Amino acid sequence: MRFLVVGGGAREHAIAATLVRAHATVVVASSNANPGLAALASASARIDPTSPERVVEFARTQGVDGAVIGPEGPLASGVADALRAAKVPTVGPDRAAAQIETSKRFCRELLAKYGVGGQPKLAIPTAVDQVDAAVATLGGPFVVKPSGLTAGKGVWVQGSDFTDPKEGATYAKSILVQGGSVLLEEKLDGEEFSLMAFVTDSGVYPMPAVQDFKRAQEGNQGGNTGGMGAYSQRDHLLPFLSRAARDQALGILEQSVRALRAEGHSYRGILYGGFMLTARGPVLLEYNARFGDPEGINVLSLYEEGNFAELMMGVATGRVDPTLLSFRLRATVVKYVVPPGYGDRPRAGGTLEIDAPAIESAGLRVFYGSVDEVGPGRVRLSNSRGIAIAAEASAIHEAGTRVEAALKFVKGDYYVRHDIGTKEDLARRTEHIRQILAPGAKPSPLPLSVAPASAPPSSSAQPEEMIG
Ligand code: AMP
Ligand code: GLY
């Protein structure tokens, strides 16, 4: 089988590598010259992967049997719609269904309409003079989310990105003033996890759960990023995630797919739920309509025994053979090597020297992200994530140690979070959840530093709606 992979980052490198392991041929449409993809692909087009016309033209000339779309940009611009119209079976929802990721407002309104469980308390002000009232109705610490795509970087959480609620309100107002749409959500306390599933007409098929590290700096400090690294556990649960809680999260995914279908959206692709495990169970933070990056790298590394090309074709054509869903029982850790300052003020242009053969001969894998090859074993960093190093082992901390050891084969000026997958970090998270779930525990200990004491809002200042 011959597949088109759309996108040029480490996640797409992992998708292509998994297809090639299944003896498929891969052609790639991406804007950068990713050395990992170049080594695997039988043809590459340096084109804008968000251009439906260019991507379809390339798919046609290459005579592909199917396509897998990696990033959200092409989903948002209708590349999946265009490929389907050109009779190319595609993994990735149409633009309308991808709104579950591209419009947080669409997502929350859909889930509220169908009474899907596991939602936070939220308010959607639509005018600047509704924001203070929206903050007041939430009645506690809150989170400000631009509705549209922000590459994981637009969300402001009280206590991390701002302390005074007025600052959060000002940020929300600034989004509205610029013509954007904004959501305010109660701030949840708990541990985050990602649960991805293959979704097609025949069902919703979960992958192993993963924990992503979104904050740029160690100890979960610094700005939100696309993800600095991630781990998964041998039993496909997580140190703090029970099977019952995972099943609840899967139930939320299934209900959400039913809601999409009830609105007339078919969905053939990956659905990624970002959840917070809280005292009241898993609560949905967001959906993505694609593999997570890096989470996709964790799970695809475990997909060795089945036939991934057949699985992708099944998702794209509506019927998955469940026997193809086999993920090895191993723990994984993925860490991203990023430019210094990444997350706040990245310094692009530095060169990395990578001894990939040495890393691979130690049994790990290297996936190239937003880098350009400048010579054998040398890549130039952009202001995005550079390379991902993936290891597996029987325990998470062992996989983490293996990635750390492999960093000696990467030379240059870079930053990496050393705390991902350490025993200490895992113990801290497990203890955090133990405290939250303890009988009588009081979740969300952070008090509002300033009570919104302004005059009661006029009727025009009511938030458009309160859900949850
Ligand atoms: P999102 O793009 O909605 O996933 O938000 C990005 C990050 O912000 C999440 O991964 C969380 O770390 C944080 N976040 C989002 N929503 C909430 C919430 N309601 N409570 C606490 N943290 C949140
Ligand atoms: N790692 C988070 C994401 O892929 O959006």
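When a ligand or atom number is given, it counts from 1 through the structure's own listing order. One is the number of the first residue; the rest follow in order along the sequence. Quick caveat, the model's predicted, so the values are computed rather than measured.
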Less than 3.5 Å apart, N/O on ligand 2 and N/O on the protein: could you list those pairs with the distances?
{"unit_1": "ligand 2", "atom_1": "1 (N)", "unit_2": "D212", "atom_2": "OD2", "d": "2.9"}
{"unit_1": "ligand 2", "atom_1": "1 (N)", "unit_2": "G226", "atom_2": "O", "d": "2.8"}
{"unit_1": "ligand 2", "atom_1": "1 (N)", "unit_2": "D293", "atom_2": "O", "d": "3.0"}
{"unit_1": "ligand 2", "atom_1": "1 (N)", "unit_2": "E295", "atom_2": "OE1", "d": "2.8"}
{"unit_1": "ligand 2", "atom_1": "1 (N)", "unit_2": "E295", "atom_2": "OE2", "d": "3.4"}
{"unit_1": "ligand 2", "atom_1": "4 (O)", "unit_2": "R290", "atom_2": "NH1", "d": "3.0"}
{"unit_1": "ligand 2", "atom_1": "4 (O)", "unit_2": "D293", "atom_2": "N", "d": "2.9"}
{"unit_1": "ligand 2", "atom_1": "5 (O)", "unit_2": "N288", "atom_2": "ND2", "d": "3.3"}
{"unit_1": "ligand 2", "atom_1": "5 (O)", "unit_2": "R290", "atom_2": "NH2", "d": "2.9"}

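In E192, the part holding a heavy atom less than 4.0 Å from any atom of ligand 1 is the side chain. With a 4.0 Å cut-off on non-hydrogen atoms, N224 touches ligand 1 through its side chain and not its backbone. With a heavy-atom cut-off of 4.0 Å, L285 touches ligand 1 through backbone and side chain alike. At a heavy-atom distance under 4.0 Å, atoms from both the backbone and the side chain of L188 approach ligand 1.
Listed by chain and number, the residues in a salt bridge (Lys or Arg N to Asp or Glu O under 4.0 Å) with R330 are E392 (sequence neighbours excluded). Not counting sequence neighbours, F240 has no partner by the ring-ring contact (aromatic ring centres under 6.0 Å, His included) test. P339 meets the side-chain contact (heavy atoms from CB on, under 4.5 Å) test with Y342, P346, L381; sequence neighbours excluded.
Counting atoms of ligand 1 from 1 in the listed order, those under 4.0 Å from a heavy atom of M276 are 21 (C), 22 (N). Counting the atoms of ligand 1 from 1 in the order shown, those under 4.0 Å from a heavy atom of K145 are 3 (O), 15 (C), 16 (N). In summary, the atoms of ligand 1 found under 4.0 Å from a heavy atom of E186, numbered by their order in the structure, are 18 (C), 19 (N), 20 (N). Near K187, meaning under 4.0 Å from one of its heavy atoms, ligand 1 places the atoms 20 (N), 21 (C). Heavy-atom proximity to K214, at under 4.0 Å, picks out these atoms of ligand 1: 10 (O).
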Working note: Q221 + R215, criterion side chain to side chain donor-acceptor pair (under 3.5 Å); need CA distance, chi angles, decisive distance, verdict. CA-CA 6 Å; Q221 305 296 308; R215 295 275 167 185; over 6 Å; no
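No hydrogens or angles considered: a donor-acceptor pair under 3.5 Å links the side chains of Q211 and E191. Inspection of the Q255 and Y114 side chains reveals no N or O donor paired with an N or O acceptor under 3.5 Å.
Aromatic ring pairs are classed by plane angle as parallel below 30°, tilted from 30° to 60° and perpendicular above 60°; the pair Y171 and W156 is parallel. Using bins of under 30°, 30° to 60° and over 60° for the plane-to-plane angle, the ring pair F275/Y287 lands in the perpendicular bin. Between F327 and F198, the angle of the ring planes stays under 30°, which puts this pair in the parallel group of the 30/60° scheme.
A pairwise comparison of heavy atoms in V333 and Y231 identifies CG2-CB, 3.9 Å as the closest pair. Pairing each heavy atom of A230 with each of V210, the nearest pair is CB-CG1, 3.6 Å.
The closest approach between a heavy atom of K104 and any atom of ligand 1 is below 4.0 Å.
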